[in-house]
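Take a look at the structure below.
Just the heavy atoms: all of them, side chains too, but no hydrogens, waters or symmetry mates, feed the values below. Remember, it's 1-based here, ligands and their atoms both numbered in the order they're listed. Numbering of residues begins at 1 and proceeds along the displayed sequence.
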Amino acid sequence: MAVIRNVEQDEHIEQLWYMKEQGETSLDFLKKAMKRDFDARIIEELFLRGLVERSAGVATIKLTADGEARARQLIRAHRLAERLIVDVLGGADVEEIACEFEHTVSLELVNGICTLLGHPKECPHGMPIPEGECCRQATKSALSFIIPLSDIKLGESARIAYINCKNDQQIHKLEGLCIRPGVVVKLHQNYPTYVIECEGASIALDQEVVSHISVWKNFKGAEGTDEPKAADHKNKAGGLKRFFKAFFKSPSIK
Ligand SMILES: [Zn+2]
Ligand SMILES: [Zn+2]
């Protein structure tokens, strides 16, 4: 199990990944971004370990290929943890838990969580989650709790888990239609356009919009009615919550 240990080094590596996402390589930028957490000795350690490369003359710094591999693991764990906390656990202390999570979690567990969550592509802030082995091998898995809306059968209901969408206009449109995480939708038609029922209204959506919506799998309505059973969602989330908590030793995680 590849457990990540050196928290200070990891924090610097992560910040360098954020800089890479912004196209930044200036050492000054890193110092400003990290404020008091910046530590020149850590940079030295990372350099000696071959995780960063720098140029003294113009004071730039960036991750080497090894450094990037390490950063990818950390960022992936962090953003998947956010997804899990926000969508599944309904928690508020996203940053605190996600930060702790990324340093304590094994690669295998990260892949397991990714699979359960249906291999999400973005964190709740819309930042990309780096792909893992699990995402490349199997886009769909019997283990997933969460699946694309387009995968449910006609006539089936499902509760929305999350919406991965960068386009503000689309998000506003969906919000205007009351299509948001937590609500139950029913799939009426999937060709030539999608028609779903949401809070009593029939709504036509094109495939592109539908592709951003993920739902809880095997959502069962109450017997003989289309009314969703709240307990079903709760049980599932509860199971996942216990699963998740079992991997934490820290008493600070509630
Ligand atoms: Zn995020
Ligand atoms: Zn995955």
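With Val185 as the partner, the side-chain contact (heavy atoms from CB on, under 4.5 Å) test is satisfied by one option alone out of Leu149, Leu205, Ile152, Ile213: Leu149.
Salt bridge status for Glu53 with Lys62: present, with a side-chain N to carboxylate O gap under 4.0 Å. Classification of Arg70 and Glu14 as a salt-bridged pair fails, no side-chain N sitting under 4.0 Å from a carboxylate O.
The angle Cys134:SG - the Zn ion (ligand 2) - Cys135:SG amounts to 110°, with values rounded to 10 degrees. Rounding to 10°, one obtains 110° for the angle at the Zn ion (ligand 2) between ND1 (His119) and SG (Cys114).
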Problem - Derivation and outcome, salt bridge (charged side-chain N to carboxylate O under 4.0 Å, His left out), residues Glu21 and Arg79 - result: CA-CA 14 Å; Glu21 287 181 330; Arg79 290 180 180 163; 2.9 Å; yes
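Residues Thr60 and Ser55 have side chains that bring a donor and an acceptor to within less than 3.5 angstrom of each other.
Less than 2.8 Å away from the Zn ion (ligand 1), the protein contributes these N/O/S atoms: Glu82 OE1, Cys123 SG, His125 ND1.
Hydrophobic clustering, with ILVMFWY side chains joined whenever heavy atoms are under 4.5 angstrom apart, groups Ile61 together with Phe29.
Between Phe38 and His12, the two ring planes are tilted [angle within 30° to 60°].
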